[in-house]
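This report refers to the structure that appears directly beneath it.
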Amino acid sequence: MTTNAKLLARRTKAIPRGVSTATPIFAARAENARLWDAEGREYIDFAGGIAVLNTGHRHPKVIAAVRAQLDCFTHTAFQVCAYEPYIELAEKLNARAPIAGEARTILFTTGAEAVENAVKIARAATGRSGVICFSGAFHGRTALTMAMTGKVAPYKNQFGPSSADVFHVPFPASRYSVDVETSLLVLDHVLRADIGPDRVAAIVLEPVQGEGGFHQAPLELMRALRKLCDTYGIVLIADEVQSGFARTGKLFAMEHYDVHADLITMAKSLAGGFPLSGVVGRADIMDRVDPGGLGGTYGGSPIGCAAALAVLDVIETEDLCARAEALGARAKARLKEIQTRNDMAPIDDIRGLGSMIAFDLITERGGAAPDGAAAKRTTVRALEEGLILLSCGVSGETIRLLYPLTIEDDLFDQGLLRLETALKLQA
Ligand code: PMP
């Protein structure tokens, strides 16, 4: 029988160091919120393949839809011969996304590709080049999205000159002592010192930062950005690659705001484990790119579209938005209880919308200094307990919960219990 150790040795020889893996285990099989490794050990999955599995591993409806599509055709390239599942998915997303007026959807494969294309669309629509993003943001690893990502190590420091005309403004988060006022002050400064508003194509932000630590963009920030974009004809892009598809208790996190983005990027849980991404946005902006300017060989794969149609159906029929709220409330209550206990590692700032829940490890109870090493220890101990758990945040101090929203109640409780054990101080 193969073992995790044997596979690790093969991986080390065959695959470069640049792609890192959060756990030393190798997947053999998975079902809803359970995953079995190469040695047959069972884990509860609170990582969901980094926010991809809101509908769980191998949801029966998703698998059935993919099987049916496999029996018809698997690929034509939408640019060669189009197909109905793509159109149907676009129609559904246009109807459901919080976009003002008529909407259009274009599909791609990865999150970074969706973000890159949203910027291309904004540049074509405005005839401008500038892009303003936020510190702590994660938008991808391709050349442009790497430039847009607001964290130097490990994403940018080895890769040469950044893409031109990309600027960063601090994202408001109390952990980093940045409030909305400061954020907007720096934005104003950037618009005076670096690039005039008449040269800015887009402002891009995650309504809830993913890799940055599950910090939510405050309502006043979103309203101020909307106003600025309206004043200067700038395209407001919400990157919902991580926050989308019921995770926050709404289909799109932008539904928590009373203002709209012009374009929304989506990926991850859109297709329940199959690679699919897209941009949904205002028709008058989306239609500004000339034919042939957008696309990609695999963009909007029929397999991905079939999976995504099933995902949307599951989200609705299983009421996963309400489920996200209910599970999130339970997780938060449990974490609040843990926070009060002296036998637990000090945690703080339990936060989150719906089931996009996170908390920080801090160096001492009542203090504020982030403790990335303690978060790392927590994920390692969680794995020993049989729980797959991810960290994030600027100093790696944040633990984020991304369990499938379809997780069974008793398994969810078991997962929380394992999390509690991982947080227990050792003598
Ligand atoms: N945007 C956000 C908000 C993300 O969380 C991610 C992935 N973590 C991306 C973009 C990039 O997606 P991908 O890795 O599929 O390119």
Side-chain angles (χ1 to χ4, degrees), residues 18-22 47-54 106-122 131-151 154-156 159 163 166 168 171 173 202-217 222 236-248 252-254 256 261 263-281 296 298-301 304 307-308 311 352-358 390-394 396 398 400-402:
V19 53
S20 58
T21 309
I50 324 182
V52 169
L53 300 164
N54 291 354
I106 181 163
L107 300 171
F108 302 100
T109 309
T110 68
E113 222 188 338
V115 176
E116 289 246 8
N117 278 284
V119 172
K120 279 174 63 178
I121 293 164
V131 182
I132 294 177
C133 307
F134 286 83
S135 58
F138 186 88
H139 296 296
R141 287 183 169 85
T142 57
L144 176 61
T145 58
M146 173 183 74
M148 293 168 65
T149 286
K151 188 174 177 184
Y155 304 125
K156 315 214 261 197
F159 303 112
S163 181
V166 176
H168 286 89
F171 190 82
I203 297 178
V204 188
L205 82 165
E206 297 156 87
V208 184
Q209 285 199 331
E211 305 303 310
F214 282 21
H215 299 289
Q216 191 197 348
M222 202 62 89
L236 184 61
I237 302 175
D239 182 352
E240 290 238 31
V241 164
Q242 189 148 167
S243 59
F245 301 100
R247 174 55 54 184
T248 68
F252 292 90
M254 281 307 294
H256 291 282
L263 307 179
I264 296 176
T265 58
M266 54 204 159
K268 293 192 186 270
S269 277
L270 166 61
F274 292 85
L276 187 74
S277 68
V279 181
V280 56
Y298 295 106
S301 146
V311 163
L353 276 178
S355 273
M356 199 161 176
I357 305 286
L390 291 177
S391 60
C392 61
V394 169
T398 303
R400 55 176 154 169
L401 307 187
L402 287 167

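All ligand and atom numbering here is 1-based and tracks the order in the structure. Note that the structure is a prediction, hence the values are computed from the model and not measured.
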Requested in this report: Compute the ring centroids of F245 and F252, then answer whether they are less than 6.0 Å apart.
Outcome: yes
Query raised in the report: Near Y155 OH, under 6.0 Å, is it more than 12 heavy atoms from other residues, nucleotides or ligands?
Result: yes
Report task. If a pair satisfies salt bridge (charged side-chain N to carboxylate O under 4.0 Å, His left out) and one of its residues is in residues 208-217, list it, with sequence neighbours excluded. Result -> E211-R400
Query raised in the report: For ligand 1, what is the set of protein residues having any non-hydrogen atom at a distance below 4.0 Å?
Result: T110, G111, A112, F138, H139, G140, E206, E211, D239, V241, Q242, K268
Query raised in the report: Between CD1 of I132 and CE of M148, what distance do you get to the nearest 0.5 Å?
Result: 11.5 Å
Query raised in the report: Any side-chain donor paired with an acceptor under 3.5 Å for E113 and S277?
Result: no
Report summary line: Interatomic distance, CG@L353 vs CZ@F214, rounded to 0.5 Å, equals 10.5 Å
